[in-house]
Number of protein chains: 2
Amino acid sequence: MQSPTGVGFLLSQMGVFVSDGFAERVAALGLTPPQVGVLRLISQTPGLSQQALADRLGILPSRMVGLVDDLEARGLVERSRNPQDRRLYALHPTERGWETLASVSVIAVEFEREVCAPLSEREAGVLTDLLRRLADGHELPVGVHLGYRHLTEGDAG
Amino acid sequence: MQSPTGVGFLLSQMGVFVSDGFAERVAALGLTPPQVGVLRLISQTPGLSQQALADRLGILPSRMVGLVDDLEARGLVERSRNPQDRRLYALHPTERGWETLASVSVIAVEFEREVCAPLSEREAGVLTDLLRRLADGHELPVGVHLGYRHLTEGDAG
DNA sequence: TATTGTTATACTCTATAACTATA
DNA sequence: TATAGTTATAGAGTATAACAATA
């Protein structure tokens, strides 16, 4: 921990607070944050294979198996074989998957409101802008959470 | 994953980025972030017992044992028995412990500079202020990192 | 021979609970 | 009997490496 009053410490502290809060809220839907991330990406580009998915999220293929297993077991995602290359799956959200994503979206909007509650609307806007410029400046991938990636390829920091 | 453009997502994403970066940098001193937290608290209130320490950081006593073991093995912290109650230890930094803390401080200042590099000095000040008001508004303990605490007592979120 | 998905295994981190020594 | 510290065990989460099916 750096000086417990600096930007670094506050970012790290708030990051854990937000991550925990979000995890707690989507747990009400029976989901974990990594599952939500996978489900969302499948909805954005339906038909993707597991490894393509794993690649984009920085998750190991072996780990993706279990995540998709769970989503399939909950009836949120469908595995269909790609007839052109029967090694690949083509992943699609089910109707229930789309509904669940809508619920996640509602939760996210509400949670966003709670997180920003101590600030005025204008201040929240300023904060968003500053954070986005930080993320851009450090070349963080847009919309991909670092917490998903594996750390074996020297990509930490 | 909330909407990958909102404050919540950005805070979580930047939080991981900063935590990883800090961990990587103090690893050069042979330390982990929890060890740094323990060492710093011992320096702030020397003579504390292990359980008092554990209490303040939200760490389990059994976990504190290993953390102090490591710090002692590296010659950064001394365990001396409290003569009034021989069940308790009194923990103090060694001279090398104080030196290491100074090095951590240098690392932290430098890292703070790197994190804020994409912003002007004035903007970094605004960001600090907004983050501090968020942390205050959500009643996050000052200077205690949530990542240390155990989650068994329903205190997540 | 290379690639997708899978499984089996190991490793890290941390919580739980039982133990000792002091009080 | 209660408390500080310790140890031993177990559980969650994730990485590594070997494997089967398909190309």
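Basis for what follows: all heavy atoms, side chains included, without hydrogens, waters or symmetry-related copies. Within every chain, numbering begins at 1; the chains are lettered A, B, ... in the order of the sequence lines, protein sequences first and strands thereafter.
- For the pair A:M64 CE and D:dT14 P, the computed distance is 12 Å after rounding to whole Å.
- For A:S62 and D:dT16, a side-chain-to-base donor-acceptor distance below 3.5 Å is present, hydrogens and geometry of angles not being considered.
- Note on A:Q50: a side-chain N or O is less than 4.0 Å away from OP1 or OP2 of C:dT6.
- Shown here are the side-chain contact (heavy atoms from CB on, under 4.5 Å) partners of B:D85, two or more places apart in sequence or in another chain: B:R87, B:L88.
- For the pair A:R81 CZ and D:dT22 C1', the interatomic distance rounds to 9 Å; values are reported in whole Å.
- With salt bridges taken as basic N to acidic carboxylate O contacts below 4.0 Å, none links B:R113 and B:E121.
- The phosphate of C:dA21 has neither OP1 nor OP2 within less than 4.0 Å of any side-chain N or O from B:R87.
- Going from atom CG of B:L88 over to atom P of C:dT22 covers 13 Å, rounded to whole Å.
- One atom, CG of B:D69, and another, C1' of D:dT6, lie 9 Å apart when rounded to the nearest Å.
- An end-to-end axis angle of 30° holds for the helix from C:dT1-D:dA23 to C:dA23-D:dT1, taken from five base pairs per end and rounded to 10°.
- Scored by the side-chain contact (heavy atoms from CB on, under 4.5 Å) test, A:A90 finds A:S80, A:H92 as partners (sequence neighbours excluded).
- When the C1' atom of C:dT4 is taken as reference, atom CG of A:L48 falls 13 Å away, rounded to whole Å.
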**Request:** Could you go through the side-chain contact (heavy atoms from CB on, under 4.5 Å) check for A:T32 and A:V26 one step at a time?
**Result:** CA-CA 7 Å; A:T32 64; A:V26 295; over 6 Å; no

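- Taking atom CG of B:L60 as the reference point, atom P of D:dT9 lies 19 Å away to the nearest angstrom.
- In this model, the phosphate group of D:dA12 is not approached by any side-chain N or O of A:R63 to a distance below 4.0 Å at OP1 or OP2.
- In this structure, the CG atom of B:D70 is 14 Å from the C1' atom of C:dT14, given to the nearest Å.
- Using a 4.0 Å cut-off, no side-chain N or O of A:Y148 falls inside it from OP1 or OP2 of D:dT14.
- Comparing A:T32 and A:R86 by the nucleotide of DNA chain D whose heavy atom lies nearest to each, the residue mapping closer to the 5' end is A:T32.
- Taking atom CG of residue A:D55 and atom C1' of nucleotide C:dT3, one finds them 13 Å apart after rounding to whole Å.
- Residues A:W98 and A:V77 are members of one and the same hydrophobic cluster, defined by side-chain heavy-atom contacts under 4.5 angstrom among Ile, Leu, Val, Met, Phe, Trp and Tyr.
- Below the 3.5 angstrom threshold, one finds a donor paired with an acceptor across the side chain of B:Q51 and the base of D:dG5.
- Classification of A:R96 and A:E99 as a salt-bridged pair fails, no side-chain N sitting under 4.0 Å from a carboxylate O.
- The main-chain N or O of B:S19 is never found under 3.5 Å from a side-chain atom of A:S12 such that the two would form a donor-acceptor pair.
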